[in-house]
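Working notes, structure below.
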Amino acid sequence: DYYGVTLPVSDVHHKKSILLKLNENGGEKERYELNVTKNGITIAGDNPASVLMGIQTLRQLLPVAKNSKDLTIPQLFIADSAAYEWRGIMLDVARHFLTKEEVMKMLDMMALYKFNKFHWHLSDDQGWRVEIKQYPLLTEASGWRTFNNHDQWCFDAAERDQNNDMLLPESKLRIRNGEQEYGGFYTQDDIREVVAYAAKRGIEVIPEIDMPGHFTAALNPYPENSCFGEPGWGKQFSAPLCPGKDHVLEFCQNVYREIFELFPSQYVHLGADEVEKDNWIKCPDCQKRITDNNLEDEKDLQAWFVGEMNTFFEENNKKMIGWDEITYGNLSKNATVMWWRSWMKDAVDKSTTNGNEVIMAPNSHCYFDYKQDHKTLQNLFEFEPVPQDISTEQRKLIKGLQANLWAESVASFQRAEYMVFPRILILSELAWRNDTSRRWEEFYPKLVNEFTRLDGYQINYRPLDLPDVHFTNTFVGETMVTWNYPLPQIELRYTTDGTTPDRNAELYTEPFQITETTNFIIRYFRPDGSAADIFRTSYRKESYQPGEALAKLPSVHLDWHEAVVRKCLDMDTLPVKKSYELSTISIPDEVSQTRALCYTGFFDFPEDDIYTFHLNSDDGSQLYINDEIVVDNDGPHGSVTLSGQKALGKGAHPFKLYYFDMNNGGCLHLKIVDQKGKVVFETKKM
Ligand code: ACM
Ligand code: ZN
């Protein structure tokens with residue numbers, strides 16, 4: 001189809017055909033053999049799923065360009081099987097909705113890259129997306145909502161960067177009772193259609209109805225399922241359902257009964273992440289449940305709820321998956337743990353020791369909604385999914401890998417594609433080839449080549465980054481602006497007057513000289529004319545700022561604010577929990593994960609030079625030298641590295657470094673490199 005060619009299908013074996021063959025005594029494993037000879041092509045597998053994988057390999061071997069006329073393949077023989085039996089992608093359609101057609105397009109691409117599990121996050125605080133006949137208000141009321149703070153983030157980004165991907169699609173808006181609403185949901189027929197569509201492509205659909213927390217969309221129309229009849233928000237997360245009331249368990253099980261009917265998959269995902277327990281402390285029904293069942297506390301009550309649901313799943317011949325919060329308490333061996341909290345480092349060891357299967361989806365690498373930087377792809381490629389220090393027996397319980405696309409800031413399907421591609425190609429590589437011999441330098445040219453196929457499928461992918469271009473670039477005198485861009489099909493257009501580049505903006509074709517400070521906004525355009533995110537880079541003309549000659553560098557001063565902030569400068573107005581005098585930039589052990597840190601001190605530079613500052617953090621950070629910002633890595637985000645440059649004279653220069661973590665697993669790393677590439681300062685890994 002991609003090439004405009006249709007192959008006739010026949011039960012009779014012709015010469016020079018593509019023969020699909022099921023091995024006798026075939027097994028469960030997805031092993032296939034692909035044999036291309038001058039007499040034809042044979043794909044043999046142990047089961048239909050593995051034959052399908054062989055077909056995908058054949059598709060990948062064909063030319064990347066759409067409508068290619070020369071469809072020749074060299075003679076070859078491939079015997080292959082996946083490194084992991086679980087190769088999943090999760091889409092959150094609750095925060096922002098995707099239509100069934102959009103989901104199907106993603107399934108098509110997942111199949112091409114040999115993913116076999118689609119985890120469908122169908123409910124959350126902000127929306128309920130699957131029709132439940134017994135409780136029609138779930139979709140009638142919670143399939144639609146007025147604009148919320150997530151939408152506002154998206155509107156702000158759309159305006160700031162003139163980016164239509166961040167706008168809510170018109171087709172998902174409606175006016176009801178004079179109010180603008182956003183939403184959509186799937187009827188049960190829609191669900192069956194998607195499940196069948198996925199099955200044809202070798203993909204199993206795993207539904208998730210998240211409970212007992214992330215349940216506001218159910219509690220709003222059915223408030224009798226909450227502790228006090230009042231859905232709302234607690235300190236960190238939404239108020240959960242009330243596990244103390246029997247009718248609440250019935251409600252949950254009734255919902256899941258319909259879900260079990262709709263989804264033939266053996267696995268079903270209960271969610272069970274991020275539960276705010278304040279209401280449970282105050283609720284007499286919850287407290288009675290704790291007493292009646294000899295439970296320790298509210299955490300134990302959560303484990304009890306998970307246990308009850310697990311029993312119910314088992315009675316219905318379903319296997320329960322839950323986020324790694326379910327590892328707390330006496331978890332049944334039959335439950336499968338989805339590890340997401342990368343900062344809970346012992347979760348995998350603990351689960352596999354307990355005999356639970358584990359799916360690896362740590363937010364450090366597998367959260368595709370997280371902001372990307374120039375190292376994101378390589379970091380993912382070099383990710384070792386299985387911890388080194390677990391036994392062979394434990395290792396067997398690692399079922400596989402999954403990437404999750406949470407949709408708080410994913411306003412449209414175009415944005416979903418932008419976040420997923422090309423990262424999904426690297427995850428596919430990991431899922432099929434998790435051996436230590438893989439090398440980024442070998443893989444990278446293949447990745448570059450594959451973008452042409454993504455063009456053919458009109459994927460709104462994120463283009464590759466410009467190598468060796470910093471957020472701020474410094475020059476003394478004059479410099480050549482040189483952008484060696486790896487993707488030839490992409491147009492690089494730029495402005496220098498602060499306006500957003502459009503299709504008529506200056507096109508970069510060759511290196512050019514500048515003699516004055518210039519602030520560029522660059523925009524990548526794909527071959528179909530669609531625009532990617534803008535990228536800002538400034539080239540600053542500087543002279544070497546003189547440093548101070550200090551006999552001894554003063555200590556580094558650290559102010560710790562025990563607070564959650566979303567911007568570095570917000571901490572300036574907050575009280576200091578404790579101050580420290582340190583010998584270098586480091587984080588004292590007693591500083592908790594709830595941290596907003598501000599360091600002040602001096603860096604000592606050995607000679608006049610242009611220095612490059614690489615600042616990595618999760619969440620935000622900012623670096624100032626001589627009161628000027630050099631790297632702005634601000635805002636809530638996962639591990640992101642940004643770099644900036646400054647011309648500095650020999651001697652000591654004062655710095656200010658801000659860093660915060662929103663209590664969800666953080667890191668901070670600063671490296672300073674001179675123009676020859678020599679490291680002149682580096683923090684320890686923190
Ligand atoms: C999660 O990210 N709350 C599973
Ligand atoms: Zn309660």
Legend entry - Arg595 vs Tyr659, side chain to side chain contact (heavy atoms under 4.5 Å, CB included): CA-CA, chis, key distance, verdict: CA-CA 8 Å; Arg595 54 179 64 158; Tyr659 162 61; 3.8 Å; yes
Checking [X] now: which residues fulfil side chain to side chain donor-acceptor pair (under 3.5 Å) with it, not counting sequence neighbours?
X      : result
Ser592 : Glu562
Asn404 : Gln402
Glu429 : none
Glu276 : none

Inset, instruction - Would you list the pairs meeting salt bridge (Lys or Arg N to Asp or Glu O under 4.0 Å) in which at least one residue belongs to residues 461-480, sequence neighbours left out? - result: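 Of all non-adjacent pairs touching residues 461-480, those that pass salt bridge (Lys or Arg N to Asp or Glu O under 4.0 Å) are Arg462-Asp465.
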Inset, instruction - Could you list all the salt bridge (Lys or Arg N to Asp or Glu O under 4.0 Å) pairs where at least one residue sits in residues 676-686, not counting sequence neighbours? - result: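 Salt bridge (Lys or Arg N to Asp or Glu O under 4.0 Å) check on residues 676-686 returns no pairs.
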Inset, instruction - Please check if the distance between the ring centroids of Phe603 and Tyr611 is under 6.0 Å. - result: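 So the answer is no for these two rings.
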Inset, instruction - May I ask you to check whether Tyr370 and His637 place their ring centres under 6.0 Å from each other? - result: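 Centroid separation for His637 and Tyr370: 6.0 Å or greater.
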I'd like to check the ring-ring contact (aromatic ring centres under 6.0 Å, His included) partners of [X]; sequence neighbours left out, ordered by chain and number.
X      : value
Phe475 : none
His150 : Trp153
Phe383 : His365
Tyr328 : none

Inset, instruction - Show the numbers, then the answer: is there a side chain to side chain contact (heavy atoms under 4.5 Å, CB included) between Lys567 and Gln622? - result: CA-CA 10 Å; Lys567 282 205 181 93; Gln622 283 185 336; over 6 Å; no
Inset, instruction - Return the set of residues passing side chain to side chain contact (heavy atoms under 4.5 Å, CB included) with Ser579 (not counting sequence neighbours), or none when no residue passes. - result: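 Ser579: side chain to side chain contact (heavy atoms under 4.5 Å, CB included) contacts with His557, Asp559, Val576.
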Legend entry - No-hydrogen, no-angle side-chain donor-acceptor test under 3.5 Å, Asn626 and Gln545: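 Result is yes, a qualifying pair exists.
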In residues 155-164, what donor-acceptor pairs under 3.5 Å come from side-chain atoms, sequence neighbours left out?
residue : atom : partner : partner atom : Å
Asp156  : OD1  : Gln152  : NE2          : 3.1
Asn163  : OD1  : Asp165  : N            : 2.9
Asn163  : ND2  : Asp533  : OD1          : 2.7

